[in-house]
Amino acid sequence: MFKDLEGKVVVVTGASSGLGRAIAKRFGQEKAKVVINYYKNEGKSDELIGEIKEAGGEAVKVQGDVSKEEDVKKIIQFAIDTYGTLDVMVNNAGIQNEVPTEELSLDDWNKVISTNLTGIFVGSREAIAYMLKNDIKGSIINMSSVHQIIPWPHFAHYAASKGGIKMLSETLALEFAPHGIRVNCLAPGAINTPINKEKFSDPAAKEEVLKMIPLNKIGEPEEVAAAAVWLASEEASYVTGTTLYIDGGMTNYPSFQAGKG
Ligand code: NAI
């Protein structure tokens with residue numbers, strides 16, 4: 001538990017499922033005031049609010065599409081109006097779809113970039129502007145992926161968005177360090193969430209993924225949530241402009257395992 005997170009106001013985008021859900025729940029368990037942004041699944045957000053309240057935390061929900069500037073502004077304003085401030089912004093919402101690049105339409109490209117990258121840009125900008133104005137030494141946590149450094153054929157738009165998140169976050173970290181605002185990335189790999197449901201429900205496909213993970217297991221959302229609360233806490237007060245990989249070692253060149261190469 002991180003005592004300093006108690007009472008902190010935390011926004012989590014895309015929080016009705018998967019990693020966002022686990023992160024919002026963990027902040028709730030830390031007794032933070034959690035603003036759950038959902039896109040389409042209001043019912044799941046209500047369930048989550050119930051779970052957070054049961055754990056002794058506070059939470060509210062707000063609908064919004066992070067690919068729309070006005071919606072991101074609305075989400076942040078809602079947090080400020082509801083809880084009076086903003087301390088932690090977790091830009092988590094993201095999408096992916098598989099398309100060979102020679103067939104990748106501009107529409108698909110724009111959809112992924114505007115949700116994954118532009119959404120994080122606007123979310124970070126709005127949160128930082130509020131923190132600067134109110135002298136808040138806040139924390140921005142941006143959900144990247146192992147694909148910020150591992151190229152991914154058929155997912156060129158996704159990999160480009162995640163590479164962009166890395167450089168955006170490092171730049172913001174440098175720009176706002178003098179104000180005590182920290183900006184970091186989480187980079188998960190192969191976590192058991194709806195985004196991977198199809199792949200992991202096929203035993204052969206799951207086996208192929210496991211071969212790329214030195215720890216030989218699929219990660220759980222709670223393992224990413226644990227990293228998120230640490231990054232937001234005072235315990236990580238000297239950490240900015242970096243990426244925390246939560247990937248079972250996937251980025252450690254597993255093909256070199258057992259002395260190969
Ligand atoms: P998920 O599909 O359960 O979660 C994505 C969430 O984003 C959903 O709640 C969805 O409603 C929301 N969302 C989608 N478009 C939105 C929009 N325009 N506005 C607001 N919300 C929107 O999958 P997961 O795994 O929880 O993904 C969360 C983040 O983690 C994504 O950014 C993803 O790229 C990243 N990630 C996940 C990995 C994994 O293995 N599960 C690995 C690396 C990165």
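Order of appearance sets the numbers: ligands from 1, and atoms from 1 within every ligand.
Taking 4.0 Å as the cut-off between side-chain N and carboxylate O, K211 and E208 count as a salt-bridged pair. The pair K3-E235 does not meet the salt-bridge criterion, since no charged nitrogen lies less than 4.0 angstrom from a carboxylate oxygen. Using a 4.0 Å cut-off between a side-chain N of Lys or Arg and a carboxylate O of Asp or Glu, R26 and E222 do not qualify as a salt bridge. Using a 4.0 Å cut-off between charged side-chain N and carboxylate O, K25 and E30 make no salt bridge. Salt bridge R125/E69: present, at least one basic N to carboxylate O contact under 4.0 Å.
Using a heavy-atom distance under 4.0 Å as the criterion, the protein contacts of ligand 1 are G14, S16, S17, G18, L19, N37, Y39, G64, D65, V66, N92, A93, G94, I95, T115, M143, S144, S145, Y158, K162, P188, A190, I191, T193, P194, I195, N196.
For W109, there are no ring-ring contact (aromatic ring centres under 6.0 Å, His included) partners at least two apart in sequence or on another chain.
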